[in-house]
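Everything on this sheet refers to the single structure shown next.
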There are 2 protein chains.
Amino acid sequence: MERVNDYRQIIKDFLEASIAPSPEDPNFEAQLICDRDRDHYQLVSLGWQGHRRFYSVLIHLDIKDGKVWVQKNDTDRLTAQELVEICVVREDNVFGLQPAYARADTEHSVV
Amino acid sequence: MERVNDYRQIIKDFLEASIAPSPEDPNFEAQLICDRDRDHYQLVSLGWQGHRRFYSVLIHLDIKDGKVWVQKNDTDRLTAQELVEICVVREDNVFGLQPAYARADTEHSVV
């Protein structure tokens with residue numbers, strides 16, 4: 001339980017640090033979303049480029065059964081690897097956006 | 001402030017009720033995400049169809065400056081209209097996924 005609480009804070013800090021500083025632009029918004037009750041965590045980018053809407057979930061992490069699941073990673077960063085480096089135990093790290101059969105080829109957990 | 005608290009509950013109930021009941025399928029997950037501290041609310045659908053990953057933010061609502069913003073609606077429902085019907089004041093409802101110039105043509109708030 002204590003480790004899960006640590007993971008909650010680690011994930012929040014990780015996502016917070018991932019928000020690239022941007023000049024004040026009312027058409028651009030980076031949102032940190034933390035639902036600690038349901039253990040869903042996201043980094044969302046949204047706004048307008050002229051009349052064109054953009055909306056993207058850059059990173060989505062969950063904690064399930066004490067493990068950290070990478071549900072989405074639309075960045076060029078090795079999110080799972082970075083989480084291990086900042087102290088998520090590798091066995092507690094599930095690269096969820098690979099199908100289960102392919103996760104076995106990673107060093108991370110399968111479920 | 002009291003009205004904003006009402007909106008938080010209304011949004012949560014609205015999204016919760018929007019989760020379609022589905023048979024027990026380990027490859028499908030509907031997530032309700034509620035970040036009351038930052039006032040971001042989402043309904044996310046994710047999982048696997050065979051080896052194919054799907055991930056979709058179906059609805060994303062925010063509360064900003066006391067108003068409810070529809071940031072994303074990937075459903076065939078008239079989310080803004082439904083929110084008004086379940087008692088979000090129309091003037092507090094911003095159809096954020098239309099550019100500001102087009103919002104003036106709706107009956108909802110522009111900002």
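Here the structure is a predicted model, which means the values were calculated and not measured. Side-chain atoms are counted along with the backbone in the values below, which use heavy atoms only and exclude waters and symmetry mates. First the proteins, then the strands, lettered A, B, ... as listed; each starts at 1.
Interface remark: of the candidates B:K72, B:R36, B:R52, B:K72 forms the most heavy-atom pairs closer than 4.5 Å to chain A.
Looking at B:E29, only its side chain comes within 4.5 Å of chain A, counting heavy atoms on both sides. At a 4.5 Å heavy-atom cutoff, the contact between A:D62 and chain B is made by side-chain atoms alone.
Residue B:R53 holds its CZ atom at 5.0 Å from CD of A:Q71, rounded to the nearest 0.5 Å. In this structure, NE2 on A:H40 lies 10.0 Å from CD on B:Q42, to the nearest 0.5 angstrom.
In the hydrophobic clustering of this structure, B:V84 does not group with B:I10; members are Ile, Leu, Val, Met, Phe, Trp, Tyr whose side-chain heavy atoms approach within less than 4.5 Å, directly or through other members. Under the 4.5 Å side-chain heavy-atom criterion for ILVMFWY residues, a single connected hydrophobic cluster contains both A:F14 and A:V70. The hydrophobic cluster containing A:L78 does not contain A:L83, counting ILVMFWY residues as joined when their side-chain heavy atoms lie under 4.5 angstrom apart, directly or transitively. Under a hydrophobic-cluster definition in which Ile, Leu, Val, Met, Phe, Trp and Tyr are linked whenever side-chain heavy atoms come within less than 4.5 Å, directly or via other members, B:Y55 and A:L46 are assigned to the same cluster.
Taking every heavy atom of both residues into account, B:I33 and A:I33 meet most closely at CG2-CG2, 3.7 Å. Contact record, A:H60 with B:Q31: CE1-OE1, 3.0 Å, taken as the closest heavy-atom pair. Here the closest heavy-atom approach between residue B:V57 and residue A:V57 is recorded as CG2-CG2, 3.5 Å.
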